[in-house]
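What follows is a short report on a single structure.
All figures in this text were calculated on a predicted structure; none of them were measured in a lab.
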Amino acid sequence: MSCNSAAAISFSFAGFAERGGRTDHHADGWGIGFYEACGCRTFHDPAPACSSALADFVKTYPIKSRIVLAHIRKATQGATGLSNCHPFQREWLGKQWLFAHNGDLRAWRAPLSGAVLPVGTTDSEHAFCWLMESLRSRFSSGNAPPKQPELFNAIAEFSGVCAAQGNFNMVLSNGEYLFLHCSSKLYTLTRAHPFPIAQLVDCDMRLDLNALNAPTDRITIVATEPLTAEEPWQALATGTTLAIKDGEIVWSHQNMDTCAFPVVADNTPVAAIA
C-alpha cells in the first residue's frame with residue numbers, strides 16, 4: 001500500500017491473511033512492514049497467517065503508515081522458518097529498504113561481494129541482496145542519494161536481470177517510494193474520493209471506506225490477486241516496473257524484452273490508475 005496520508009491496513013490485511021493457509025495455500029509463514037516517521041516496524045511469523053496470533057494482533061492494532069509491505073509465503077526454496085519470511089530489510093543511504101517477492105528464480109544465485117549477505121536460504125533474499133549490492137555499486141560515489149531518474153532506471157534494469165532468471169513479481173520500498181516489478185501477475189487499485197463500500201474476496205467483511213477517509217486521500221494497493229470484489233483492479237503487463245509515491249503512480253517502465261503486450265511509451269510519468 002502507498003497513500004498520501006497515514007492509513008491503517010487492517011481491513012485489507014484481514015482478507016490477505018486468510019490466503020495464508022485458509023483460502024489459498026501460502027501457509028509457510030508471513031510478514032509485514034510499516035514505515036512510520038523515520039523508522040520501520042516489522043512483524044514476521046513462520047506460522048500460517050490465517051491462524052497466527054501475531055497476525056490477529058496486526059488485524060486489530062491500527063498501525064498507520066503511508067507505505068506498507070505484506071507477504072504470505074509458499075516455500076519454493078528454503079525451509080519454513082523465521083529467517084525466510086518476507087519482507088526482508090536492509091539499510092542503504094540512511095534509509096530502511098523493504099523487499100518482498102512472489103515467484104521462483106530457480107537455481108540462480110548471482111555472485112555477492114559480501115557487502116550485503118542473506119540471513120536465510122531463499123532465492124528471494126539472495127536476489128534482494130544482489131539488488132541492493134548492485135544499487136550500492138552503481139551509486140557508490142558520494143553519500144548523496146541518486147537522482148530520481150537514475151535510481152528508477154537502475155531498479156528497472158536490475159529487476160529485469162532477476163526476471164530473466166525466472167518469475168520475479170516484487171515490491172520494494174525505501175519509505176518514500178513503493179517500487180514494483182511484474183513478471184507474471186500483479187494487480188493495482190487506486191482509491192480516491194468518493195470511496196466505495198468494499199467487499200473482501202476472502203472473508204465475509206464489508207467496509208464503508210468513505211467513513212474512514214478524507215476527500216483528499218488517495219490510496220494505491222498492489223496485490224498478486226485482487227483483494228476485493230467489484231472494484232476496478234488493473235492487471236499489470238509482464239515486464240512493467242512502477243514507482244508509486246503518496247498513492248500516485250509517478251513513473252513507469254516497460255521492459256520490451258520480456259513484455260507480452262505492446263506499449264506506447266517508455267520511462268514516462270503516468271496518471272494514477274482509477
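For Trp130 and Phe158, the gap between ring centers is short of 6.0 Å. Aromatic pair Trp30/Phe13: centroids less than 6.0 angstrom apart.
With hydrogens and angles left out, the side-chain atoms of Glu125 and Asn84 include no donor and acceptor closer than 3.5 Å. Side chains of Glu133 and Ser113: a donor on one and an acceptor on the other come within 3.5 Å. For the residue pair Gln96/Glu91, the side-chain donor-acceptor check at 3.5 Å is not satisfied. With no hydrogens or angles considered, no side-chain donor-acceptor pair links Gln234 and Thr188 at under 3.5 Å. Side-chain N/O atoms of Asn102 and Thr224 include no donor and acceptor closer than 3.5 Å. Using a 3.5 Å distance cut-off with no hydrogens or angles, the side chains of Trp233 and Thr228 do pair a donor with an acceptor. Counting only N and O atoms by type, the side chains of Glu176 and Tyr35 include no donor and acceptor under 3.5 Å apart. Between the side chains of Asn169 and Ser183, no donor-acceptor pair of N or O atoms lies under 3.5 Å. A side-chain N or O of His101 and one of Ser124 form a donor-acceptor pair less than 3.5 Å apart. No hydrogens or angles considered: a donor-acceptor pair under 3.5 Å links the side chains of Ser52 and Asp45. Thr190 and Thr220 form a side-chain donor-acceptor contact under 3.5 Å, judged by distance and modelled atom types alone.
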Practice item. Decide side chain to side chain contact (heavy atoms under 4.5 Å, CB included) for Phe139 and Trp92; before the verdict, give the C-alpha distance in whole Å, the side-chain angles of both, and the deciding distance to 0.1 Å. Key: CA-CA 11 Å; Phe139 303 107; Trp92 180 44; 3.9 Å; yes
Practice item. Apply side chain to side chain contact (heavy atoms under 4.5 Å, CB included) to Trp97 and Ser173, showing your working. Key: CA-CA 5 Å; Trp97 290 70; Ser173 183; over 6 Å; no
Check your understanding: What's the verdict on side chain to side chain contact (heavy atoms under 4.5 Å, CB included) for Leu200 and Phe16, showing C-alpha distance, side-chain angles and the deciding distance?
Key -> CA-CA 9 Å; Leu200 291 175; Phe16 185 67; over 6 Å; no
Practice item. Applying side chain to side chain contact (heavy atoms under 4.5 Å, CB included), run through Met1 and Ile67 and close with a yes or a no. Key: CA-CA 5 Å; Met1 177 185 76; Ile67 295 180; over 6 Å; no
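The backbone N or O of Ile197 sits nowhere less than 3.5 Å from a side-chain atom of Asp208 that would complete a donor-acceptor pair. In this structure, Asn4 contributes its side chain and Thr216 its backbone to a donor-acceptor pair below 3.5 Å. Side chain of Asp56 to backbone of Lys59: no donor-acceptor contact under 3.5 angstrom is found. In this structure a side-chain-to-backbone donor-acceptor pair under 3.5 Å is missing from Asn174 to Lys95.
Note that the CZ atom of Arg90 and the SG atom of Cys129 stand 4.0 Å from one another [nearest 0.5 Å]. Annotation: the span from Gln254 atom CD to Thr240 atom OG1 amounts to 3.5 Å, rounded to 0.5 Å. Separating the CG atom in Leu242 from the CG atom in Leu186 is a distance of 9.0 Å, to the nearest 0.5 Å. Note that the CD1 atom of Ile72 and the NZ atom of Lys74 stand 11.5 Å from one another [nearest 0.5 Å]. If you take OG on Ser159 and CG on Leu172, they are separated by 7.5 Å, rounding to the nearest 0.5 Å. Put simply, CG on Asp24 and CG on Asp202 are 8.0 Å apart, with the number rounded to the nearest 0.5 Å.
Annotation: side chain of Thr42 is not in contact with side chain of Leu69 (no heavy-atom distance under 4.5 Å). In this structure the side chain of Leu236 never reaches within 4.5 angstrom of the side chain of Tyr187, judged on heavy atoms. A 4.5 Å side-chain heavy-atom check between Asp123 and Asp104 finds at least one atom pair inside the cut-off. A heavy-atom distance below 4.5 Å is not found between the side chains of Ser2 and Lys245. Between Arg191 and Ile221 there is a side-chain heavy-atom pair separated by less than 4.5 Å. Between Leu105 and Asn167 the shortest side-chain heavy-atom distance does not fall below 4.5 Å. Residues Ile32 and Ile9 form a side-chain contact, since some pair of their non-hydrogen atoms from C-beta on lies under 4.5 Å apart. Two residues are said to be in side-chain contact when any heavy atoms from C-beta on lie closer than 4.5 Å; Tyr177 and Trp251 fail this criterion.
Cluster annotation: Val201 is not connected to Leu227 through the hydrophobic network of ILVMFWY side chains, with a link wherever side-chain heavy atoms come within less than 4.5 Å. Note: the hydrophobic cluster containing Leu212 also contains Met205 (ILVMFWY, side chain heavy atoms under 4.5 Å, direct or indirect links). Ile155 and Leu93 fall within a single hydrophobic cluster, where Ile, Leu, Val, Met, Phe, Trp and Tyr side chains are chained together by heavy-atom contacts under 4.5 Å. Residues Phe88 and Phe179 share a hydrophobic cluster, clusters being chains of Ile/Leu/Val/Met/Phe/Trp/Tyr side chains in contact below 4.5 Å. When hydrophobic clusters are built by joining Ile, Leu, Val, Met, Phe, Trp and Tyr residues whose side-chain heavy atoms come closer than 4.5 Å, directly or via intermediates, Leu117 is grouped together with Leu135.
Under the salt bridge (charged side-chain N to carboxylate O under 4.0 Å, His left out) criterion, Glu150 pairs with no residue, sequence neighbours left out. Scanning for side-chain hydrogen bond (donor to acceptor under 3.5 Å, both in side chains) contacts around Gln165 gives an empty result, with sequence neighbours left out.
Closest heavy-atom contact between Ala127 and Cys162: CB-SG, 4.3 Å. When all heavy atoms are compared, the tightest approach of Pro87 to Gly33 is CG-N, 4.0 Å. Nearest heavy atom pair, residue Arg73 against residue Thr80, reads NH1-CA, 3.8 Å. Across all non-hydrogen atoms, the minimal contact from Asp217 to Phe195 is O-CZ, 3.3 Å. Heavy atoms only, all atoms of each residue included: Arg22 and Cys50 are closest at NH1-O, 3.4 Å. Thr241 approaches His181 most closely through the heavy-atom pair OG1-ND1, 2.8 Å.
Remark: Arg19 does not engage Glu225 in a salt bridge, criterion side-chain N to carboxylate O under 4.0 Å. Salt bridge Asp246/Arg66: present, at least one basic N to carboxylate O contact under 4.0 Å. The pair Arg138-Glu157 meets the salt-bridge criterion, since a charged nitrogen lies less than 4.0 angstrom from a carboxylate oxygen.
Screening His26, His86, His44 for a ring pair (Phe, Tyr, Trp, His ring centres under 6.0 Å) involving His71 leaves a single residue, His86.
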